[in-house]
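In what follows, every heavy atom counts, from backbone to side chain, and hydrogens, waters and symmetry copies are set aside. Note that the coordinates shown come from a computational prediction; the quantities given were computed from them, not determined experimentally.
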Amino acid sequence: MISIKNKYLKADISENGAEMQSLQEITTGREYLWQGDAEYWDGRSPLLFPATGGLWNGTYRHKGQEIKMVKHGFAKNRKWTYSPTGAEADGNEARFVLDLPEGDEGFPFPCRVEVTYSLHEHSLKATLRVHNTGTDEMFFQMGGHPALNLPGWDASQPVGGYLEPEGTPAAQTTVLRAGEQGCTGPERFSVPQCNGLIPVSEDTFSNEALIFDRHQLSGIVLLDTERRKVARVRSGAPVWLFWQPQGKFSPFVCAEPWYGLCDPHGFDGDVSERPYINRLPAGECWEGWYEVEVF
């Protein structure tokens, strides 16, 4: 476990999946990150690569080759290497690296994947990078999956908090849902709202996650049941997914910025045709990011 801190926050990151395990306020000890209770969900903040969401029949296709791949890709199940950046003297930054040779788990593109976690006052930023170390153009998706605690959550109450979208309000009226095999159907659904806020409730997630897939959002603010700010997640990602386990009211909610989108139902095309696929020429580097600010 690698720990980073500044005078406001402390974060713990595991080399397993380069997954953040804790994000605490130093003066109060308040924990903002879900702690992985398997009764609800045993994850905390996995990194998604080289796929976001479900793949139809669990299959990733490239140039006629079919590769079996788990939902959200395999990087979350791999051990990453802690790789000092030279900025560790202040103790507020840590980088993790995953080197993939060609054909690793069938993935046809050799590459180096990096995530750098850095603290800036009351915020933690995750900078995501992919270096194409091969000779061909590569195709991939990447995303974050931070789960935030719902302070004061009470299983006997219908609402555990609220989500306040930030971005383009006129484009926030409908969403996709992740249905069969974690893939999207053609139907669009109305966004559950209460005075412009999305209630975190079992009803909101009764038809699976909410997927904003049209560049609508720049961020989301999590509010408690009294509508006080808890945390904000920001990103430049084109897709956002909000999730609780379906049919089980839970003490956390995931705010997931995705540089990619799951397959539509029945998809049998090449990886290059997956929604919001990233195309990276040989020798070049791609960069994305997300940030968690706490209040």
Side-chain angles (χ1 to χ4, degrees), residues 13-19 41-83 95-115 126 128-145 178-185 209 211 213 237-239 241 243 254 256-288:
I13 304 104
S14 171
E15 288 184 304
N16 294 323
E19 183 176 3
W41 178 61
D42 60 3
R44 301 190 185 191
S45 183
L47 292 175
L48 318 181
F49 181 88
T52 55
L55 298 98
W56 190 253
N57 292 330
T59 304
Y60 177 105
R61 300 171 185 83
H62 182 57
K63 294 184 177 180
Q65 181 182 9
E66 294 192 348
I67 303 156
K68 288 300 177 183
M69 188 174 293
V70 298
K71 182 179 180 181
H72 294 323
F74 53 78
K76 58 187 170 59
N77 300 320
R78 300 290 290 272
K79 185 172 183 178
W80 295 50
T81 301
Y82 172 59
S83 177
R95 178 177 61 185
F96 297 82
V97 172
L98 181 64
D99 283 309
L100 297 174
E102 184 174 355
D104 192 326
E105 298 205 26
F107 188 59
F109 306 110
C111 60
R112 166 172 279 207
V113 189
E114 297 180 3
V115 56
L128 315 170
R129 295 186 179 92
V130 179
H131 303 263
N132 183 353
T133 58
T135 57
D136 297 323
E137 182 179 42
M138 71 175 289
F139 303 93
F140 68 93
Q141 297 170 326
M142 194 169 190
H145 198 308
E180 185 179 354
Q181 299 185 31
C183 297
T184 57
I211 304 176
D213 64 318
V239 175
L241 184 140
W243 176 80
C254 291
E256 308 175 32
W258 286 7
Y259 292 90
L261 181 59
C262 39
D263 284 348
H265 288 174
F267 180 74
D268 61 0
D270 190 85
V271 62
S272 61
E273 300 168 359
R274 290 196 82 210
Y276 287 107
I277 198 70
N278 297 292
R279 311 172 73 102
L280 185 61
E284 295 196 8
C285 179
W286 171 92
E287 185 171 302

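Atom-to-atom distance recorded for Lys76:NZ and Ser45:OG is 13.0 Å, nearest 0.5 angstrom. Note that CH2 of Trp258 is 11.0 Å distant from CG of Asp213, once rounded to the nearest 0.5 Å. Distance check: Leu98 CG to Glu15 CD gives 11.5 Å after rounding to the nearest 0.5 Å. Atom CD of Glu180 and atom CG of Asp263 lie 12.5 Å apart (nearest 0.5 Å). Going from atom CE of Met142 over to atom CZ of Arg129 covers 10.5 Å, rounded to the nearest 0.5 Å. Annotation: the span from Ile211 atom CD1 to Cys262 atom SG amounts to 4.0 Å, rounded to 0.5 Å.
Aromatic ring orientation, His145 versus Trp41: parallel (interplanar angle below 30°, classes split at 30° and 60°). Ring geometry, Phe139 versus His62: the interplanar angle falls from 30° to 60°, so the pair is classed tilted.
Remark: of the listed residues Arg112, Arg95, Glu114, Arg95 is the sole one forming a side-chain hydrogen bond (donor to acceptor under 3.5 Å, both in side chains) with Ser83. For the side-chain contact (heavy atoms from CB on, under 4.5 Å) criterion with Gln141, the lone passing option out of Thr52, Leu48, Val271 is Thr52. For the side-chain contact (heavy atoms from CB on, under 4.5 Å) test with Trp80, the passing option among Val97, Asp99, Val113 is Val113; the others fail.
A heavy-atom distance below 4.5 Å is found between the side chains of Tyr60 and Pro108. Under the 4.5 Å side-chain criterion, counting only non-hydrogen atoms from C-beta, Phe267 is not in contact with Cys183. In this structure, Leu100 and Phe74 have side chains that are in contact, with non-hydrogen atoms separated by less than 4.5 Å. Using a 4.5 Å cut-off on side-chain heavy atoms (C-beta onward), Leu128 and Phe49 make no contact.
Considering all non-hydrogen atoms of both residues, Arg279 and Ser272 come closest at NH1-O, 3.9 Å. Considering every non-hydrogen atom in both Phe140 and Val130, the closest pair reads CE1-CG2, 3.7 Å. Scanning all heavy atoms of the two residues, the minimum distance from Phe96 to Ser14 falls at CE2-O, 4.4 Å. Of all heavy-atom pairs between Ala126 and Val115, the closest is CB-CG2, 4.2 Å.
The backbone N or O of Tyr259 sits less than 3.5 Å from a side-chain atom of Asn278, completing a donor-acceptor pair. Checked by atom type and distance alone, the side chain of His72 never pairs as donor or acceptor with a backbone atom of Leu47 at under 3.5 Å. When atom types are taken as modelled, the side chain of Asn132 and the backbone of Pro281 share a donor-acceptor pair closer than 3.5 angstrom. A donor-acceptor pair is defined here as one N or O able to donate and one able to accept, closer than 3.5 Å; such a pair exists between the side chain of Glu19 and the backbone of Arg44. Judged by distance alone, with hydrogens and angles left aside, the side-chain atoms of Gln181 form no donor-acceptor pair with the main-chain N or O of Trp56 at under 3.5 Å. Proximity of a side-chain donor or acceptor of Lys68 to a complementary backbone N or O of Asn57 within less than 3.5 Å is detected.
Using a 4.0 Å cut-off between charged nitrogen and carboxylate oxygen, Lys63 and Asp270 do not count as a salt-bridge pair.
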Evaluation steps, side-chain contact (heavy atoms from CB on, under 4.5 Å), between Arg274 and Leu55: CA-CA 9 Å; Arg274 290 196 82 210; Leu55 298 98; 4.0 Å; yes

